[in-house]
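Only heavy atoms go into these numbers, but all of them, side chains included; no hydrogens, no water, no symmetry mates. Note that the structure is predicted; figures quoted are calculated from it, not measured.
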Amino acid sequence: MKKRDKGIQFISQHLNLFRCPVCKESYVKVEDGSVICPNLHNIDISKKGTLYFLNHAVNSEYDAEMLASRRRILTAGLFDPICEEFSQHMEQNEVVLDVGSGEGTPLKKTLSLLKKATAVGFDISTAGINLATQLNSEAFFCIADLANLPFNDNQFTTILDLFSPSAYTEFHRVLSSGGQVLKIVPNTNYLIELRHLLYEKTSQHADYQNDQVVELFKKRFSNAQTKRITYDFKFDESLLSDLIQMTPLHWGATPQTLELAKTSGLNHITVDVTLLKGVKS
């Protein structure tokens with residue numbers, strides 16, 4: 001099945017999930033390859049089978065090269081234990097929204113661990129979503145704004161948030177009663193070996209504190225639970241360049257430091273994160 005036909009099929013079967021980002025009304029039909037709301041606002045389903053919900057063009061810092069590197073290192077398994085942890089908190093027949101899904105590999109991996117689920121991934125990066133549509137995945141991917149989610153109220157049983165910003169008012173709106181947010185935030189030792197390669201230990205980039213993020217989550221979810229997840233990921237040395245390229249860490253490093261890091265021989269990295277779980281009451 002062509003990507004566009006697959007996208008049309010998903011939207012037609014799950015039209016209840018989506019609403020117009022202009023007037024906030026639920027879409028009422030799919031006609032001639034477009035979704036149409038009662039006020040006749042319409043969005044064409046692209047050749048890649050996606051919907052572009054943004055009202056204006058947005059530039060993303062995550063370029064195609066960075067996203068391609070991310071695809072290769074994630075395909076090698078960097079975040080697999082995180083995806084496995086996600087799946088442990090999910091049941092069958094979940095309706096999943098993946099926030100800031102990027103190039104889509106974590107969502108694909110998570111869905112592979114569930115027998116049956118309906119899933120939508122979105123990102124503000126068109127380049128990321130274009131890559132995501134190349135995956136052999138049952139998820140539907142679209143371009144959308146976190147602050148103006150194009151989804152109806154009370155539709156999703158789980159929201160996944162892997163290192164992405166959060167819009168808790170919108171999360172609560174689109175979550176069903178009893179639905180959950182599973183949010184991953186980095187801890188101090190996240191990618192610590194790479195940080196030490198790229199920056200002096202006294203640099204602001206060499207350390208990371210998540211206290212404010214955790215406290216905000218707990219304010220929004222009085223029933224919040226936390227779980228630390230840490231492991232050492234070993235990778236082929238040929239992927240070191242991709243590891244460096246895939247994170248914003250390389251943005252602040254000097255060209256000389258980046259070249260030295262790529263020839264350092266590093267072949268393992270620490271993943272140190274916290275899972276935040278909150279349930280809508």
Side-chain angles (χ1 to χ4, degrees), residues 17 74 78-102 104-114 117-124 139 144-192 195 204 207-233 247-249 270-281:
L17 296 180
L74 297 192
L78 178 63
F79 290 161
D80 282 6
I82 295 174
C83 298
E84 290 163 9
E85 183 66 32
F86 278 159
S87 72
Q88 294 300 310
H89 295 270
M90 298 165 69
E91 301 176 357
Q92 304 308 322
N93 299 310
E94 294 271 2
V95 184
V96 181
L97 180 63
D98 187 25
V99 175
S101 54
T105 301
L107 180 57
K108 177 186 175 182
K109 176 64 179 180
T110 302
L111 293 178
S112 74
L113 300 170
L114 303 172
T118 300
V120 175
F122 79 90
D123 202 287
I124 206 166
D145 182 1
L146 177 69
N148 182 25
L149 296 180
F151 309 112
N152 278 318
D153 298 358
N154 309 311
Q155 293 300 312
F156 295 93
T157 59
T158 293
I159 292 177
L160 302 178
D161 183 338
L162 178 57
F163 299 143
S164 291
S166 296
Y168 292 115
T169 300
E170 282 290 82
F171 286 2
H172 278 277
R173 180 181 66 78
V174 302
L175 270 179
S176 60
S177 178
Q180 63 181 349
V181 175
L182 301 176
K183 180 177 176 64
I184 296 289
V185 295
N187 295 330
T188 300
N189 290 327
Y190 178 65
L191 305 186
I192 192 68
R195 292 174 186 273
Q204 62 175 344
D207 191 19
Y208 180 84
Q209 300 296 327
N210 64 24
D211 298 5
Q212 291 183 341
V213 177
V214 173
E215 286 307 308
L216 178 59
F217 189 90
K218 288 180 176 179
K219 285 181 180 178
R220 292 303 188 121
F221 293 97
S222 59
N223 54 25
Q225 301 174 33
T226 65
K227 180 178 180 179
R228 188 172 184 178
I229 304 166
T230 183
Y231 54 91
D232 186 62
F233 177 70
T247 85
L249 283 173
T270 297
V271 177
D272 179 22
V273 300
T274 291
L275 169 68
L276 304 173
K277 178 179 179 178
V279 178
K280 179 180 174 180
S281 56

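Contact check for F217 versus Y168: side-chain heavy atoms found under the 4.5 Å cut-off. Residues E91 and T157 form no side-chain contact, since every pair of their non-hydrogen atoms from C-beta on lies 4.5 Å or further apart. Within the 4.5 Å cutoff, the side chain of V273 has no heavy atoms near those of the L162 side chain. Side-chain contact check for L275 versus L182: some heavy-atom pair is nearer than 4.5 Å. Side-chain atoms of M90 and L160, non-hydrogen and from C-beta on, do get closer than 4.5 Å to each other. Counting heavy atoms from C-beta outward, D272 and R228 have side chains that approach closer than 4.5 Å. By the 4.5 Å heavy-atom criterion applied to side chains, N210 and N187 are counted as neighbours. Taking 4.5 Å as the limit, some side-chain heavy atom of V95 sits within range of a side-chain heavy atom of L17.
Distance check: L78 CG to K109 NZ gives 13.0 Å after rounding to the nearest 0.5 Å. A distance of 8.5 Å separates NZ of K277 from OG1 of T158, quoted to the nearest 0.5 Å. Rounding to the nearest 0.5 angstrom, the gap separating the NZ atom in K280 from the CZ atom in R220 is 13.0 Å. Atom CD1 of residue I159 and atom OG of residue S164 lie 11.5 Å apart, to the nearest 0.5 angstrom. S87 contributes atom OG, which lies 10.5 Å from atom CD of E94 (distance to the nearest 0.5 angstrom). Once rounded to the nearest 0.5 Å, the distance linking CD of E85 with CD1 of I229 reads 4.5 Å.
Taking both residues in full, the closest heavy atoms of G121 and S101 are given as C-OG, 3.4 Å, listed atom of the first, atom of the second, then distance. Summarising the geometry of L149 relative to E170, their closest heavy-atom pair is N-OE2, 2.8 Å, with the distance given to 0.1 Å. Of all non-hydrogen atoms in K183 and S166, the two that sit nearest each other are NZ-OG, 2.9 Å. Residue L249 comes nearest to R195 through the heavy atom pair CD2-NH1, 3.7 Å, listed as atom of the first residue, atom of the second, then distance. When every heavy atom of D80 is checked against every heavy atom of L74, the shortest pair comes out as OD1-O, 4.2 Å. Here the shortest heavy-atom pairing between P165 and V99 reads O-CG1, 3.9 Å.
Classified by interplanar angle (parallel below 30°, tilted 30° to 60°, perpendicular above 60°), the ring pair F122/F151 is tilted.
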Test log, rule side chain to side chain contact (heavy atoms under 4.5 Å, CB included), inputs I82 and Y231: CA-CA 10 Å; I82 295 174; Y231 54 91; 3.8 Å; yes
Verdict with supporting geometry, I124 and L146, side chain to side chain contact (heavy atoms under 4.5 Å, CB included): CA-CA 8 Å; I124 206 166; L146 177 69; over 6 Å; no
Please test F86 against L113 for side chain to side chain contact (heavy atoms under 4.5 Å, CB included), starting from the C-alpha separation and ending with a verdict. CA-CA 9 Å; F86 278 159; L113 300 170; over 6 Å; no
For V96 and F156, what are the C-alpha separation, side-chain angles and deciding distance, and is it a side chain to side chain contact (heavy atoms under 4.5 Å, CB included)? CA-CA 6 Å; V96 181; F156 295 93; 5.8 Å; no
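For F221 and F171, the ring centers are positioned 6.0 Å apart or more.
No side-chain donor-acceptor contact under 3.5 Å links T226 to the backbone of L276. Between the D123 side chain and the G102 main chain, a donor and an acceptor come within less than 3.5 Å of each other. No donor-acceptor pair closer than 3.5 Å links the side chain of N189 to the backbone N or O of I192.
Within 6.0 Å of atom CD in E84, more than 12 heavy atoms from other residues, nucleotides or ligands are found, so the atom counts as buried in its surroundings. Within 6.0 Å of the CD atom in Q92, the count of heavy atoms belonging to other residues, nucleotides or ligands exceeds 12.
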